[in-house]
Amino acid sequence: MTLDLRRDKKNFSVEEVDEISKACRDYLQLEEWIADLESKLKVKKEGLRQQNELIVQLMEERGVTSINMSGGEAVDIKPFYTGTITKEKQEEAFKWLRDNGYDDIIKNQVVVKFGRAEDEKAQKMYNSFLEKGFDIDRNIKVEPMTLKGFIREMVEGGKELPMETFNVFVGHKINIKKGKK
């Protein structure tokens, strides 16, 4: 490793350069180890996901929703629900929620941005909104966990829900309670 070090026309000793070089090599080694561990973790998580799918498939094929294993573990499968509201479908999703009486899950925020040297203008507007009883910021969204619960409630309740609009995915996952040792 070649280092180009300059310090106000003072020369570095060989020991100083070697110490910095070693610290840099150690840093790079740690970066490499972390990247390797993250890669291995990703592979293991994918294996776990696939194993979940296999267990769900095997249990469903046999018409079983739960089992107790000889080691004391209890295994059951539970449905899980997920969905997202994409930018492209946002207007359609919010319209559906409002039209069907579910607008209470929509968070509505207003944000006003000002440029440089507009502090006075911003403060006046802020004060004006405060005087009228508004808490200012604007962002319209449905929180992910709220959407997930809403989807679960709608599906389990057998209620109509435009699945494509909300990018709904319904799957199953296993829950294993470990036995006493």
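Keep in mind the model is a prediction, meaning the values are calculated, not measured.
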S.K.: Tell me, with the steps shown, if Glu120 and Lys124 meet salt bridge (Lys or Arg N to Asp or Glu O under 4.0 Å).
M.R.: CA-CA 6 Å; Glu120 190 176 317; Lys124 283 181 182 177; 3.5 Å; yes
S.K.: With heavy-atom distances below 4.5 Å as the criterion, would you say the side chains of Ile85 and Val142 are in contact?
M.R.: yes
S.K.: With a 4.5 Å limit on heavy-atom distance, are the side chains of Phe94 and Leu97 in contact?
M.R.: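 A side-chain contact exists here, since the closest heavy-atom pair is under 4.5 Å.
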S.K.: Any salt bridge linking Arg49 with Glu53? Criterion: basic side-chain nitrogen under 4.0 Å from a carboxylate oxygen.
M.R.: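 Salt bridge: yes.
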S.K.: Counting only heavy atoms not in Lys148 (residues, nucleotides, ligands), do more than 12 fall under 6.0 Å from its NZ?
M.R.: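 No, not enclosed.
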S.K.: Evaluate side-chain contact (heavy atoms from CB on, under 4.5 Å) for Ile106 paired with Arg98, printing each intermediate quantity in order.
M.R.: CA-CA 9 Å; Ile106 300 172; Arg98 288 181 179 110; 4.1 Å; yes
S.K.: Nearest 0.5 Å, please: how far is CD in Gln57 from CD1 in Ile77?
M.R.: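 Atom-to-atom, Ile77:CD1 and Gln57:CD are 11.0 Å apart.
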S.K.: Out of curiosity, does Phe150 fall in the hydrophobic cluster containing Val170 (side-chain heavy atoms, cut-off under 4.5 Å, transitive links)?
M.R.: yes
S.K.: Please list all pairs meeting side chain to side chain donor-acceptor pair (under 3.5 Å) that have one or both residues in residues 155-172, counting only residues at least two apart or in different chains.
M.R.: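 For residues 155-172: Glu60-His172, Tyr81-Glu156, Thr84-Asn167, Glu92-Thr165.
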S.K.: Check the pair Lys177 / Glu73 against salt bridge (Lys or Arg N to Asp or Glu O under 4.0 Å), numbers first and verdict last.
M.R.: CA-CA 5 Å; Lys177 293 179 185 160; Glu73 296 88 355; over 6 Å; no
S.K.: Flag the pair Asp36 and Lys40 as a salt bridge only when some basic side-chain nitrogen lies within less than 4.0 angstrom of an acidic carboxylate oxygen.
M.R.: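 Yes.
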S.K.: Please say yes or no: joined through hydrophobic side-chain contacts below 4.5 Å, possibly via intermediate residues, are Val56 and Met69 part of one cluster?
M.R.: yes
S.K.: Check the pair Trp96 / Leu161 against side-chain contact (heavy atoms from CB on, under 4.5 Å), numbers first and verdict last.
M.R.: CA-CA 9 Å; Trp96 187 90; Leu161 179 68; 3.9 Å; yes
S.K.: Once you round to the nearest 0.5 Å, how far does OG of Ser13 lie from CD of Glu19?
M.R.: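 With rounding to 0.5 Å, OG (Ser13) is 8.5 Å from CD (Glu19).
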S.K.: Do the side chains of Glu143 and Ile105 get nearer than 4.5 Å, heavy atoms only?
M.R.: no
S.K.: What distance do Met154 atom CE and Ile151 atom CD1 have between them, rounded to the nearest 0.5 Å?
M.R.: 10.0 Å
S.K.: Please assess Lys78 against Asp76 for the test salt bridge (Lys or Arg N to Asp or Glu O under 4.0 Å), listing each intermediate value before the final yes or no.
M.R.: CA-CA 7 Å; Lys78 298 190 181 274; Asp76 59 346; 3.5 Å; yes
S.K.: If the condition is salt bridge (Lys or Arg N to Asp or Glu O under 4.0 Å), which residues does Lys45 pass it with, not counting sequence neighbours?
M.R.: none
S.K.: Looking only at the side chains, is there a donor atom on one of Gln123 and Asp119 sitting less than 3.5 Å from an acceptor on the other?
M.R.: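 Per modelled atom types, Gln123 and Asp119 side chains form no pair under 3.5 Å.
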S.K.: Give, for atom CZ of Arg25 and atom CG of Leu30, the distance between the pair rounded to the nearest 0.5 Å.
M.R.: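 Separation between the atoms: 13.0 Å.
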S.K.: Indicate, with yes or no, if Leu130 and Phe134 share a hydrophobic cluster defined by side-chain heavy-atom contacts under 4.5 Å among Ile, Leu, Val, Met, Phe, Trp and Tyr.
M.R.: yes
S.K.: Under a 4.5 Å cut-off applied to non-hydrogen side-chain atoms, are Ile34 and Glu31 in contact?
M.R.: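 Contact flag for Ile34/Glu31 side chains = no.
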S.K.: Output the distance between atom CD1 (Ile176) and atom OG (Ser66), rounded to the nearest 0.5 Å.
M.R.: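 So the gap between those two atoms works out to 12.5 Å.
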S.K.: Surrounding CZ of Phe114 (heavy atoms of other residues, nucleotides or ligands, distance under 6.0 Å), is the total greater than 12?
M.R.: yes
S.K.: Okay, side chain of Asn52, backbone of Ile174: is any donor-acceptor separation there less than 3.5 Å?
M.R.: yes
S.K.: So if you build clusters from Ile, Leu, Val, Met, Phe, Trp, Tyr with side-chain heavy-atom gaps below 4.5 Å, do Ile67 and Ile55 land together?
M.R.: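 As far as the 4.5 Å side-chain criterion goes, Ile55 and Ile67 are connected within one cluster.
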S.K.: Could you give me the CA-CA distance, side-chain angles and deciding distance for Glu46 and Gln50, then say whether side chain to side chain donor-acceptor pair (under 3.5 Å) is met?
M.R.: CA-CA 6 Å; Glu46 177 57 22; Gln50 290 175 359; 2.9 Å; yes
S.K.: With rounding to the nearest 0.5 Å, note down the distance linking CD in Glu15 to CD1 in Ile20.
M.R.: 12.0 Å
